[in-house]
Amino acid sequence: MDFDLSEEQQLLKDNVERLTAARYAEVKTRTSLMKSPKGYSEALWKEFAEMGLLAIPFAEEHGGMGQGAVETMLVGEAFGRAQVLEPYFPTVILAGSALRLGASEAMKAAVLPEVAAGTLTLAFAHQEPEARFDLANVATTAKADGKGGYVLEGAKCVVLGGDSADKLVVSARVSGDRKSKDGLVLFLVDADAAGVTRKGYPTQDGTRAADVTLSGVKVGADAVIGDAGKAYPVIERTVQNGIAYLAAEAVGGMTALHELTVEYLKTRKQFGVPIGSFQVLQHRSVDMFVSVEQARSMAYYACVMIDEPDESERRRAMHAVKVQIGKSARHVGQEAIQLHGGIGMTMEYKGGHYFKRLTMIDLMFGNADHHLRELTKAGGLLAA
Amino acid sequence: MDLRFSPEENAFRQEVRSFFQTEIPLSIRSKSIEGRHLTKEDIVTTQKTLHKKGWAVYNWPKEWGGTEWTPVQQYIFLEEMQANGVPPPLAFNTSMNGPVIIQFGTEAQKKKFLPRMASLDDWWCQGFSEPGSGSDLASLKTTAVRQGDHYIVNGQKTWTTLAQYADWIFCLVRTDPNAKKQLGISYIVFPMTSPGVTRRPIQLIDGGSEVNEVFFDDVKVPVENLIGEEHRGWDCAKFLLGNERFGIARVGVSKMRVARIKELAKRVPSNGGSLMEDPQFAEKVALAEVELKALEMTQMRFLAAERGNKSGKPNPATSMLKLKGSEIQQTVTELLMELAGPLAIPYANDEDDMIGHNAPPIGAEWAAPAAPTYFNYRKVSIYGGSNEIQRNILAKAVLGF
Ligand SMILES: Cc1cc2nc3c(=O)[nH]c(=O)nc-3n(C[C@H](O)[C@H](O)[C@H](O)COP(=O)(O)OP(=O)(O)OC[C@H]3O[C@@H](n4cnc5c(N)ncnc54)[C@H](O)[C@@H]3O)c2cc1C
Ligand SMILES: Cc1cc2nc3c(=O)[nH]c(=O)nc-3n(C[C@H](O)[C@H](O)[C@H](O)COP(=O)(O)OP(=O)(O)OC[C@H]3O[C@@H](n4cnc5c(N)ncnc54)[C@H](O)[C@@H]3O)c2cc1C
């Protein structure tokens with residue numbers, strides 16, 4: 001049992017934290033980047049590439065670093081702390097996982113080096129308006145064109161990073177009814193391919209997303225990721241990787257938000273004393289601290305379990321992780337605003353930015369209630 | 001003990017309900033039911049309609065346009081107003097500054113201010129809080145120095161709600177720097193257009209800018225704009241803060257929202273059925289309904305006690321209405337956001353310059369305001385005396401600590 005980071009891991013953590021803290025030192029920087037055309041800094045994206053951050057989870061033969069969940073966790077935590085806007089989550093974690101876990105050698109060799117080099121951004125176009133949190137619920141269809149290729153029809157929504165991504169990993173159905181786990185397929189599609197319409201918009205947390213309509217989109221056989229009709233396990237694992245990363249990001253955000261709150265309680269004076277001298281506020285911030293640490297423990301647990309070969313154990317673990325993250329994020333976020341008073345309500349203060357991102361993280365890929373229900377259906381974590 | 005409404009009270013309920021439903025435009029009411037942004041015009045139109053009917057300042061004395069309704073009638077009126085999505089009369093005018101002027105103002109001040117306040121020809125805003133003075137309001141630093149027939153006002157207010165629409169501001173200012181905290185404060189009013197008044201909007205986490213910083217730089221205010229006695233403004237402030245007791249829990253609003261959530265949840269797919277058939281979600285909704293019913297009964301108990309309260313002093317236990325009412329309002333906004341799920345993630349705010357387009361993303365149109373409303377409603381446990389301050393009041397005044 002060893003929770004200590006290796007020397008290289010510690011170095012990675014320090015470097016990413018230093019870089020992102022410097023680039024996002026001011027709330028104003030974030031707010032003005034939110035309003036820039038792409039919604040993030042391309043210069044910073046390049047710096048991430050130079051530091052090797054975009055290469056972390058990919059194999060060395062694909063231009064990657066061949067590293068694992070601990071390293072992406074460290075990045076996620078730092079990004080959560082700094083509230084970065086760059087599309088690391090959609091590109092490297094979501095679409096990156098789908099390719100890493102599902103794509104052919106040829107596709108990986110063609111695409112991943114570009115991702116690692118920072119010259120190609122991706123998005124995972126899976127969510128549909130009627131699906132809510134059901135990962136198998138896909139109505140988008142893929143009809144074989146008889147020449148090995150397919151024609152795609154359908155609509156995707158809230159595709160994170162989808163407004164500016166160069167390529168999309170799109171889920172569709174070759175067979176089965178719309179809620180069936182069988183019959184799913186993933187494609188790698190050019191974001192500006194004929195028949196792809198994207199409507200981009202900002203999201204509540206200051207990042208970007210898009211609704212994507214696919215009408216008569218023609219793709220070749222070489223666009224298929226893995227085996228047509230058998231994509232569900234890849235989709236599920238992609239989302240599990242997403243959850244592990246979001247857990248880390250949420251922990252980074254919660255930690256920073258809690259620190260900000262404690263600092264504020266120590267400096268804000270009312271009634272002639274720092275408000276932190278009121279015991280009720282001390283206890284509330286202690287409860288927040290406990291919530292943050294419970295979440296941190298579950299982010300570590302996610303690292304332990306993300307590559308667990310027993311899929312049922314892995315699945316239950318990831319449900320449990322998202323439950324704790326959702327609960328902690330809500331508790332810490334709400335209390336932070338309350339303990340700040342009016343200043344916590346503004347976009348001019350970093351606290352509100354953390355609160356909004358933490359709130360959105362709960363709504364992504366299943367909220368705490370959804371995962372609690374799924375965990376319960378799966379029999380819980382402990383053997384009875 | 002008879003907790004039922006009398007036939008007359010039920011008839012009164014019918015009367016106000018049908019007025020709201022026929023006279024207040026549905027376009028306005030559905031905006032507030034759906035959590036969309038109300039314009040200044042929506043609020044003015046509504047108040048003018050109520051005013052014509054003689055109901056805008058129902059809580060004022062008859063000679064200034066009030067109704068002499070019983071506390072029960074006032075309660076019914078508020079409940080129907082909230083349940084039907086009618087924007088309430090502007091609180092700054094009708095339940096804050098108006099009653100203060102009626103209680104403490106001169107005859108001339110009453111004549112000058114009250115009629116235009118009732119009709120919303122003048123929009124008022126509240127200049128109490130300052131950057132350094134929130135919960136500890138009495139520590140405020142804005143000064144007013146007497147120079148002949150004028151006060152010269154310098155300082156800053158903050159969190160001033162809807163100051164962008166306001167014609168006038170009512171302000172707490174320090175007139176005696178040497179007196180102990182509460183004793184050197186005065187209550188003065190002046191036009192927002194006075195030279196030296198500037199305003200900076202503050203964007204809140206829902207994306208809107210309903211609050212402002214307001215700066216005073218040598219603002220000249222005639223002495224006749226002092227309300228009540230000089231240095232005794234704290235009496236006005238205490239009177240104002242203790243005044244609004246029954247609307248504050250907003251039980252009617254929460255009831256309307258819960259009913260809407262139950263309706264919408266039938267259309268949201270979950271776990272093979274609808275979300276309303278999902279026991280996990282349905283139980284959360286039911287629990288909110290239980291809490292809401294308990295709050296409603298608690299409110300009725302206070303109301304019944306109010307019938308016999310001739311002291312005119314607010315009952316400190318009414319703090320629990322603010323406390324519990326705000327918590328339930330927040331729970332309900334949280335439920336709506338959960339209901340929207342991933343469809344709550346897109347940001348579509350036509351007030352914010354961040355986006356050039358404001359057509360809602362695909363998915364459900366009702367989902368667009370869910371997250372902003374949740375964010376915005378964090379305020380209800382902060383303003384009007386934070387929930388921690390309400391607990392302090394209950395601890396001291398009710399439990400005897
Ligand atoms: C089942 C049981 C077994 C025990 N076994 C042992 C034993 O083996 N050996 C032994 O020595 N003792 C033992 N104790 C005693 C135990 O350590 C005391 O009960 C404990 O220290 C609390 O003291 P108290 O009961 O006097 O409560 P008090 O100290 O009077 O506390 C009353 C309440 O006030 C709160 N409180 C007190 N001070 C503060 C503060 N500064 N801020 C906020 N809240 C405060 C407390 O949390 C509590 O809620 C045992 C007690 C129990 C119930
Ligand atoms: C959306 C919004 C609209 C507003 N509109 C107006 C307006 O129109 N006009 C106006 O004058 N003001 C307005 N306010 C200001 C509001 O009244 C203040 O925000 C409120 O009084 C709290 O003050 P503060 O923000 O300075 O927080 P602080 O007083 O600094 O409080 C910070 C935290 O400390 C806690 N705290 C403070 N003192 C104690 C204590 N003794 N014991 C325990 N806990 C304590 C608080 O509860 C809070 O959690 C508005 C505020 C908001 C958020």
Side-chain angles (χ1 to χ4, degrees), chain A residues 31 34-35 127 129-134 137 155 157-158 160 179 199 201-206 209-211 213 268-272 275 278 280-281 284 330 334 337-348 351-353 355-356 359-360 362-367 369-370 372-373 376-377, chain B residues 129 131-136 138-139 158-159 202-207 209 211 268-272 275 278-281 284 330 334 337-338 340-349 352-355 357 359-364 371-372 374-376 378-379 381-383 386-388 391-392:
Chain A
T31 332
M34 277 160 58
K35 298 181 186 187
Q127 178 77 45
E130 291 292 309
R132 196 170 166 84
F133 300 133
D134 179 359
N137 192 331
C157 68
V158 204
L160 303 173
K179 289 180 190 166
K199 203 182 121 211
Y201 47 76
T203 54
Q204 296 290 343
D205 52 30
D211 291 340
T213 320
R268 168 73 172 172
K269 281 195 178 159
Q270 288 290 275
F271 305 101
I275 54 176
F278 302 126
V280 63
L281 303 187
R284 301 262 292 270
R330 178 165 301 190
Q334 293 182 346
I337 301 290
Q338 183 65 25
L339 299 194
H340 274 93
I343 192 76
M345 290 289 303
T346 79
M347 283 301 279
E348 292 165 15
H353 293 246
F355 170 63
K356 292 173 74 171
T359 306
M360 289 304 115
D362 184 45
L363 295 178
M364 285 173 189
F365 302 107
N367 62 7
D369 276 6
H370 167 82
L372 185 60
R373 181 190 343 94
T376 310
K377 283 204 282 190
Chain B
S129 305
S133 308
S135 299
D136 182 15
S139 67
T158 192
W159 311 124
I202 304 175
Q203 190 181 36
L204 293 187
I205 50 180
D206 63 345
S209 300
V211 299
V268 174
S270 173
N271 202 23
L275 202 55
D278 182 336
Q280 197 189 19
F281 186 78
K284 280 172 113 169
Q330 292 176 334
E334 198 168 320
M337 186 175 66
E338 279 184 34
L343 303 180
I345 295 174
Y347 176 83
N349 182 349
D352 191 342
D353 62 359
M354 198 162 94
I355 41 173
H357 49 79
I362 52 170
Y374 168 76
F375 296 147
N376 184 273
R378 304 318 303 171
K379 74 186 177 187
S381 52
I382 295 173
Y383 67 20
S386 74
N387 282 12
E388 289 70 35
R391 289 186 182 96
N392 286 350

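Every value quoted in this text rests on a predicted model; they were computed, and no experiment measured them. Note that these values count all heavy atoms, side chains included, but never hydrogens, waters or copies made by symmetry. By convention in this document, chain letters (A, B, ...) are assigned in the order of the sequence lines, proteins followed by strands, and residues within each chain are numbered from 1.
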**Q** Heavy-atom pairs under 4.5 Å with chain A are the metric here; pick the option from B:Gly272, B:Ala371, B:Ser135, B:Pro279 that has the most.
**A** B:Ser135
**Q** Out of B:Asp206, B:Val211, B:Thr158, B:Asp278, which one racks up the most heavy-atom pairs below 4.5 Å with chain A?
**A** B:Asp278
**Q** If we define contacts as heavy-atom pairs under 4.5 Å, which of A:Glu348, A:His370, A:Lys269, A:Arg284 has the most with chain B?
**A** A:Glu348
**Q** Non-hydrogen atoms of chain A under 4.5 Å away: do they reach the side chain of B:Pro131, the backbone, both or neither?
**A** backbone
**Q** With a 4.5 angstrom heavy-atom cut-off, which part of A:Asn367 approaches chain B: side chain, backbone, both or neither?
**A** side chain
**Q** At a heavy-atom distance under 4.5 Å, which candidate from B:Ile345, B:Asn376, B:Leu204 has the highest pair count against chain A?
**A** B:Ile345
**Q** For A:Gln127, which atoms come within 4.5 Å of any heavy atom of chain B: side chain, backbone, both, or neither?
**A** side chain
**Q** Counting only non-hydrogen atoms closer than 4.5 Å, does A:Phe278 touch chain B with its backbone (N, CA, C, O), its side chain (CB onward), both, or neither?
**A** neither
**Q** When heavy-atom pairs shorter than 4.5 Å are enumerated against chain A, which of B:Ala340, B:Ser381, B:Ser139, B:Ser270 gives the highest number?
**A** B:Ser381
**Q** Under 4.5 Å, counting heavy-atom pairs only, tell me which of A:Gln338, A:Arg268, A:Met360 racks up the most with chain B.
**A** A:Gln338
**Q** Counting only non-hydrogen atoms closer than 4.5 Å, does B:Ala138 touch chain A with its backbone (N, CA, C, O), its side chain (CB onward), both, or neither?
**A** neither
**Q** Check A:Asp134 with A:Lys179, please: is the shortest side-chain N to carboxylate O separation under 4.0 Å?
**A** no
**Q** Measure distances from B:Ser133 to the heavy atoms of chain A and classify the residue's part below 4.5 Å as side chain, backbone, both or neither.
**A** backbone
**Q** Report the option among A:Ile337, A:Asp369, A:Ile275 that has the most heavy-atom pairs separated by less than 4.5 Å from atoms of chain B.
**A** A:Asp369
**Q** Checking A:Val158 against chain B: side chain, backbone, both or neither under 4.5 Å from a heavy atom?
**A** side chain
**Q** Apply side-chain hydrogen bond (donor to acceptor under 3.5 Å, both in side chains) to A:Gln270 and list each qualifying residue two or more places apart in sequence or on a separate chain.
**A** none
**Q** Looking at B:Pro269, is its backbone amide N or carbonyl O close enough to the side chain of A:Glu130 to form a donor-acceptor pair, meaning the two atoms are under 3.5 Å apart?
**A** no
**Q** Between B:Glu338 and chain A, which part of the residue has a heavy atom less than 4.5 Å away: side chain, backbone, both or neither?
**A** both
**Q** Between B:Phe281 and chain A, with a heavy-atom cut-off of 4.5 Å, which part of the residue counts as in contact: side chain, backbone, both or neither?
**A** neither
**Q** Under the side-chain hydrogen bond (donor to acceptor under 3.5 Å, both in side chains) rule, collect the residues that match up with A:Thr359, sequence neighbours excluded.
**A** none
**Q** So, does B:Lys379 use its side chain to make a donor-acceptor pair with the main chain of A:Met345 at under 3.5 Å?
**A** no
**Q** Please classify the contact between A:Leu281 and chain B as side chain, backbone, both or neither, with a heavy-atom cut-off of under 4.5 Å.
**A** side chain
**Q** Flag the one option from A:His340, A:Gln334, A:Met364, A:Lys377 with the top tally of heavy-atom pairs under 4.5 Å to chain B.
**A** A:Gln334
